[in-house]
Participant: 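Dumping the structure here so I can ask a few things about it.
Counting convention: from 1, in listed order, for ligands and their atoms alike.
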Amino acid sequence: MQQRREKLRYGMAGGGEGAFIGAIHRMAAAMDGEWELACGSFSSDSQRNARSGAALGLEPGRVYPDMATLLAGELALPENQRVQAIAIVTPNHLHAPMAISALEAGFDVVSEKPMALDLAEAQAIAAAVRRSGRRYALAFTYSGYPLVAEARLRVARGDFGRIRLVQVEYNQGWLSRAIDTEGNKQAEWRTDPARAGMGGCLGDIGTHAFQLAEHVSGLRVEAVSADLTTHVPGRRLDDDVSALLRFEGGARGTLKASQIAAGEENGLKIRVHGELGGLEWSQMEPNTLTLRWLDQPTQQVRAGGPGLSAEAMERTRTPSGHPEGYVEAFANIYRSFAQAIRSGEPQTSWYPGLGDGLRTMAFVDAMVENSRSDVKWTAIPKI
Ligand SMILES: NC(=O)c1ccc[n+]([C@@H]2O[C@H](COP(=O)([O-])OP(=O)(O)OC[C@H]3O[C@@H](n4cnc5c(N)ncnc54)[C@H](O)[C@@H]3O)[C@@H](O)[C@H]2O)c1
């Protein structure tokens, strides 16, 4: 008789009613039947916390007022009931303290980006990962898309020759007005340095753009030349970011991230060019990867369609033409993390984690330092 596979149990910090990303994590974790939500601390407001837990069908005893109580409560349960991992989907200032306490209590962690408020905090998380021997995944969502995996693979196997250019842009328009002072919860904490970190748009979406640029090109950025601007009067953090990038091996790049590009939705796009050709992928058209050549017509490959690698196919759930997107990309990260936990291996090859987190926080630090000085280039340490 077949042995029944137990779902992995996880708890959630943040993601209460009205929150954005917590619900996406719950859908993604549930998608492949790998994960089951078993406890949470969804809000620092006790009424909202209780309502959120009840709406998700949790036992009242497993809806905890805060992270410390959650960890103690779960550790008091028998191992076959206790959660194995904690998903952290709160504003940024809670990522480091929550991740460190969860890791040290013996739980694996899936955290939202940015990893922490700054590089020093990120290094403290890395130290906790090493001390505890637990696993740590970061929700750099865009590396979960099948055609991002395809793009990375085609660059790595040399289809385009030596890489010369990497251009990444991430344009949103939702912070074009001062909605942070008009009661928009998501905007309010994102523009507060104490809860967002040193970067506004930079930390929120610039980190996604940077991670995607390094992930697809396979190259590390060695130095940045930055221009951080705040367009909306009174706003305390940047809302518009431009940077020149110098990559190892001589490639050059540009990074543009803006949250005041009025009318834009979630315009993340990357282009990578080598000596022989290049590729283009856009998050709002995620099931198409465009390939351009010096000496051949332009090609398009499609998610689920012919010509794709095994890496891209295993991240695809439906036949081509049945659109997959954001939630499925998130689900690919949860599925890969589940496989790593079940296999007992310390780290599988591709889910985003410590390396991506440390690199992006070093990027944020270098961008802020560079934009405050008259120095043309600021180095990003090799991490
Ligand atoms: N990977 C992605 O694509 C992506 C997209 C959006 C947001 N994010 C990240 O997700 C995180 C949350 O963003 P959001 O837009 O969902 O924010 P949000 O304001 O919508 O939700 C934050 C949630 O955290 C809860 N919270 C705050 N303090 C808490 C505490 N002490 N204990 C328990 N819960 C607490 C709030 O009640 C709320 O439910 C941020 O770090 C953000 O950068 C990532």
Participant: Could you find the nearest protein heavy atom to atom 38 (C) of ligand 1 and give me its residue, atom name and distance?
Facilitator: A19 CB, 3.8 Å
Participant: I'd like to check which ligand 1 atoms, numbered from 1 as shown, lie under 4.0 Å from a non-hydrogen atom of P91.
Facilitator: 22 (C), 24 (O), 27 (C)
Participant: With a cutoff of 4.0 Å, is F140 in contact with ligand 1, counting heavy atoms of the residue only?
Facilitator: no
Participant: Counting only heavy atoms closer than 4.0 Å, does ligand 1 sit against the backbone of Y326, its side chain, both, or neither?
Facilitator: side chain
Participant: Looking at R177, I'd like to know if its CZ atom is crowded, meaning that more than 12 non-hydrogen atoms belonging to other residues, nucleotides or ligands lie closer than 6.0 Å.
Facilitator: no
Participant: Which ligand 1 atoms are under 4.0 Å away from a heavy-atom of L94?
Facilitator: 28 (N), 29 (C), 30 (C), 31 (N)
Participant: By number and element, which atoms of ligand 1 are closer than 4.0 Å to a non-hydrogen atom of G16?
Facilitator: 39 (O)
Participant: Starting from atom 5 (C) of ligand 1, what is the nearest protein heavy atom, named by residue and atom, and what distance separates them?
Facilitator: I21 CD1, 3.2 Å
Participant: Which class fits the ring pair H208 and Y142: parallel under 30°, tilted 30 to 60°, perpendicular over 60°?
Facilitator: perpendicular
Participant: So among R9, K7, M12, which one has a side chain to side chain contact (heavy atoms under 4.5 Å, CB included) with L37?
Facilitator: M12
Participant: Compute the minimum heavy-atom distance from E17 to ligand 1 and say whether it is under 4.0 Å.
Facilitator: no
Participant: Starting at CG of L119, measure out to OG1 of T360 and round the result to the nearest 0.5 Å.
Facilitator: 9.0 Å
Participant: Can you list the atoms of ligand 1 that are under 4.0 Å from a heavy atom of A139?
Facilitator: 1 (N)
Participant: Does even one non-hydrogen atom of R48 get within less than 4.0 Å of ligand 1?
Facilitator: no
Participant: Is the centre of the H273 ring less than 6.0 Å from the centre of the F160 ring?
Facilitator: no
Participant: Which protein heavy atom lies closest to atom 6 (C) of ligand 1, and at what distance to 0.1 Å?
Facilitator: F20 CE2, 3.2 Å
Participant: Considering only the protein, which heavy-atom contact is closest to atom 17 (O) of ligand 1, and what is its distance?
Facilitator: W189 NE1, 3.5 Å
Participant: Give me the nearest non-hydrogen protein atom to atom 12 (C) of ligand 1 as residue plus atom name, then the distance to 0.1 Å.
Facilitator: V89 O, 3.4 Å
Participant: Does the side chain of T69 come within less than 4.5 Å of S41's, by heavy atoms?
Facilitator: no
Participant: Out of all atoms in ligand 1, which are within 4.0 Å of some heavy atom of G14? Include the element for each.
Facilitator: 24 (O), 25 (C), 33 (C), 34 (N)
Participant: Taking the basic N atoms (NZ, or NE/NH1/NH2) and the acidic carboxylate oxygens, is any pair closer than 4.0 Å for E311 and R315?
Facilitator: no
Participant: May I ask whether M67 has any heavy atom positioned less than 4.0 angstrom from an atom of ligand 1?
Facilitator: no
Participant: Give me the nearest non-hydrogen protein atom to atom 23 (C) of ligand 1 as residue plus atom name, then the distance to 0.1 Å.
Facilitator: G15 N, 3.6 Å
Participant: Pull out every atom of ligand 1 sitting under 4.0 Å from any heavy atom of T141, numbered as shown with elements.
Facilitator: 1 (N), 2 (C), 3 (O)
Participant: Are any of the side-chain nitrogens in R317 or E328 under 4.0 Å away from the carboxylate oxygens of its partner?
Facilitator: no
Participant: Using a strict threshold of under 4.0 Å (side-chain N to carboxylate O), is an ion pair present between R195 and E188?
Facilitator: yes
Participant: Can you tell me which residue and heavy atom of the protein come closest to atom 11 (C) of ligand 1, and the distance to 0.1 Å?
Facilitator: T90 O, 3.2 Å
Participant: Answer yes or no: does atom CD of E182 have more than 12 heavy-atom neighbours from other residues, nucleotides or ligands under 6.0 Å?
Facilitator: yes
Participant: Any side-chain heavy atom of Y351 sitting closer than 4.5 Å to one from Y334?
Facilitator: no
Participant: Take atom CD in Q299; do more than 12 heavy atoms of anything else shown fall under 6.0 Å from it?
Facilitator: yes
Participant: Among Q339, R335, R5, which one satisfies side-chain hydrogen bond (donor to acceptor under 3.5 Å, both in side chains) with E34?
Facilitator: R5
Participant: Nearest to atom 33 (C) of ligand 1, what protein heavy atom do you find, and at what distance?
Facilitator: S41 O, 3.3 Å
Participant: Just which atoms of ligand 1 are under 4.0 Å from any heavy atom in H95?
Facilitator: 41 (O)
Participant: Who gets closest to atom 43 (O) of ligand 1 by heavy atom: K113, E112, E188?
Facilitator: K113
Participant: Considering only heavy atoms of Q186, which atoms of ligand 1 have at least one such atom less than 4.0 Å away?
Facilitator: 15 (O), 18 (P), 20 (O)
Participant: Decide, yes or no, whether a salt bridge links K382 with E248 under the criterion of side-chain N to carboxylate O below 4.0 Å.
Facilitator: no
Participant: Any idea which part of D204 is under 4.0 Å from ligand 1, heavy-atom wise: side chain, backbone, both or neither?
Facilitator: side chain
